[in-house]
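Any value given below was found using the heavy atoms of this structure, including those in side chains, with hydrogens, waters and symmetry copies removed. Along the sequence shown, residues carry numbers from 1.
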Amino acid sequence: QALFDAAVRAPATAEERLLGDFWAAGLDEAGLDRRGPEALREALAPLSQFRRPRDLPQVAAAFHRKGLFPMAEFVRLEDSQGSGRPLAAVPTPLGLADPAFYLSTEAEARSLLGQYRSYVEALLRASGLPEAEIGPASEAVLQIETQLAQALAGEGPDARSSDSLRAQDRRYVALGFAALMKALNASTDTLVVVSPAYFATLSRLAGERDPQRLRWYLRYRVLHRLAPDLHAPFRNAHAAFFASALRGLPAAPAREEHMATLLRRNLGGLNDAAYIG
């Protein structure tokens, strides 16, 4: 924290200045409240392009350019064969990270799932979704996440398929991997799909004639990803569920603790460089 504070007061390099700006902005809750609505409109803008299932690759590419990954992330894997670092499609974690939360029949788990539904509704409502859509949209989110949880739970943690990009594009046709790679200017001959059952389920959902359910799901995934750093209704809803209901904490983690975690995840290289310096 002393390092971050020094980067705010007297940054020695351009990198430290960026580090300090990031840290100060995240601690400025009044600033988050002022800037949050506009930031949210910008983050959700790609959804306006999602009118037909075939629009999905371009919409996904627009989210990826913003650093948002509502369905999947693309990472480089270490290749044990020594022939390079293949590109891999990896599932984005569910709202409740462990699939067991969605699938357990125990009363406590079902009660928690009910509270999670209330959290989903709170985020959708705070985002300006019409009240008449809140119920159907939250139901769609829970149904989709449950189906994805079933897919994840049904295969081992090391389940993956490696094939040419063209073959994977045909296998998960509704996801449009080839079009997405082209839109992102990402050149790759091979694509590793981590958790094939997850992506098969996602492809089936993406192939529905009316994309409204998937549109609601993508909206929620963006809201959930940004909730701790948006304006107060989002921060409060996130803290009420994830800190209080799920973790049993008396209060949400301090902004300093949250920002340290966020900084390591998003600007880890700058964090390391400043610390070593």
Side-chain angles (χ1 to χ4, degrees), residues 46-47 49-50 52-103 140-209 211 213-222 224-225 265:
L47 286 179
Q49 308 169 31
F50 195 13
R52 298 171 299 277
R54 68 186 183 199
D55 296 330
L56 183 59
Q58 295 301 321
V59 171
F63 279 129
H64 277 260
R65 292 189 199 100
K66 294 176 180 291
L68 300 168
F69 317 109
M71 296 184 296
E73 296 185 55
F74 292 93
V75 300
R76 291 286 177 184
L77 299 179
E78 295 296 336
D79 188 356
S80 59
Q81 305 302 316
S83 58
R85 301 181 64 203
L87 190 67
V90 180
T92 297
L94 302 175
L96 294 170
D98 191 334
F101 280 118
Y102 299 89
L103 307 178
V141 168
L142 267 293
Q143 286 178 353
I144 290 173
E145 288 201 334
T146 299
Q147 292 174 52
L148 294 174
Q150 289 170 335
L152 290 167
E155 58 187 1
D158 297 324
R160 61 185 61 190
S161 72
S162 179
D163 212 333
S164 67
L165 175 60
R166 184 176 180 181
Q168 299 288 35
D169 189 56
R170 291 197 303 266
R171 191 170 288 127
Y172 307 101
V173 62
L175 299 181
F177 279 140
L180 176 56
M181 294 296 100
K182 183 178 181 180
L184 292 173
N185 293 319
S187 176
T188 183
D189 295 324
T190 301
L191 182 65
V192 177
V193 171
V194 177
S195 186
Y198 171 94
F199 284 98
T201 301
L202 202 56
S203 182
R204 177 174 53 78
L205 293 165
E208 293 178 356
R209 181 172 299 179
R213 287 187 350 118
L214 192 60
R215 191 184 296 117
W216 282 328
Y217 178 66
L218 296 179
R219 182 186 191 91
Y220 165 70
R221 294 299 308 174
V222 171
H224 172 61
R225 165 68 178 80
R265 187 170 71 222

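Judged as a ring-ring contact (aromatic ring centres under 6.0 Å, His included), and not counting sequence neighbours, the contacts of Y220 are H224. Considering only residues two or more places apart in sequence or on other chains, D163 meets the salt bridge (Lys or Arg N to Asp or Glu O under 4.0 Å) condition with R171. With sequence neighbours left out, F63 forms a ring-ring contact (aromatic ring centres under 6.0 Å, His included) with no residue at all. With sequence neighbours left out, the salt bridge (Lys or Arg N to Asp or Glu O under 4.0 Å) criterion links R219 to no other residue. Take S161 and apply the side chain to side chain donor-acceptor pair (under 3.5 Å) test, not counting sequence neighbours, and it matches Q168. When the side chain to side chain donor-acceptor pair (under 3.5 Å) test is applied to E155, the partners found at least two apart in sequence or on another chain are S195. A search for side-chain contact (heavy atoms from CB on, under 4.5 Å) contacts involving A200 returns Y172, not counting sequence neighbours. F69 meets the ring-ring contact (aromatic ring centres under 6.0 Å, His included) test with H64; sequence neighbours excluded. Remark: R52 pairs with D55 by the salt bridge (Lys or Arg N to Asp or Glu O under 4.0 Å) rule, at least two apart or across chains.
Counting only distance, with no hydrogens or angles, the side chain of T146 and the backbone of L142 share a donor-acceptor pair below 3.5 Å.
The salt bridge (charged side-chain N to carboxylate O under 4.0 Å, His left out) contacts involving residues 199-208 comprise E208-R213, where partners must be two or more places apart or lie in separate chains.
Annotation for R65: atom CZ counts as buried by contact number, over 12 foreign heavy atoms lying within 6.0 Å.
Side-chain contact between L87 and R76: present, with at least one pair of heavy atoms (C-beta onward) separated by less than 4.5 Å. Using a 4.5 Å heavy-atom threshold, the side chains of K66 and V222 count as separate. Inter-residue side-chain proximity for L148 and P91 is flagged as unmet; no heavy-atom pair is nearer than 4.5 Å. Side-chain contact between L218 and L56 is present, with at least one heavy-atom pair separated by less than 4.5 Å.
Considering all non-hydrogen atoms of both residues, L152 and P99 come closest at CB-CG, 4.0 Å. Taking every heavy atom of both residues into account, E73 and P93 meet most closely at OE2-CD, 4.3 Å. Minimum interatomic distance between A140 and W216 (heavy atoms only, all atoms of both residues): CB-CE3, 4.0 Å. Annotation for L205 and Q147: closest pair CD2-OE1, 3.7 Å, computed over non-hydrogen atoms.
Residue M71 holds its CE atom at 9.0 Å from CZ of F199, rounded to the nearest 0.5 Å. Here T92 contributes atom OG1 and L68 contributes atom CG; the two are 10.0 Å apart, rounded to the nearest 0.5 Å.
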>> With side-chain contact (heavy atoms from CB on, under 4.5 Å) as the criterion, how do F50 and L214 come out once you've worked through the C-alpha distance, each side chain's angles and the decisive distance to 0.1 Å?
In response: CA-CA 10 Å; F50 195 13; L214 192 60; 3.9 Å; yes

>> Under the criterion side-chain contact (heavy atoms from CB on, under 4.5 Å), I'd like the reasoning laid out for L77 against R160: C-alpha separation, chi angles, the key distance, then a yes or no.
In response: CA-CA 12 Å; L77 299 179; R160 61 185 61 190; 3.4 Å; yes

Could you list the donor-acceptor pairs under 3.5 angstrom formed between side-chain atoms of residues 173-194 and any protein atom two or more places apart in sequence or on another chain?
unit_1 : atom_1 : unit_2 : atom_2 : d
T188   : OG1    : T190   : N      : 3.4
T188   : OG1    : T190   : O      : 2.6

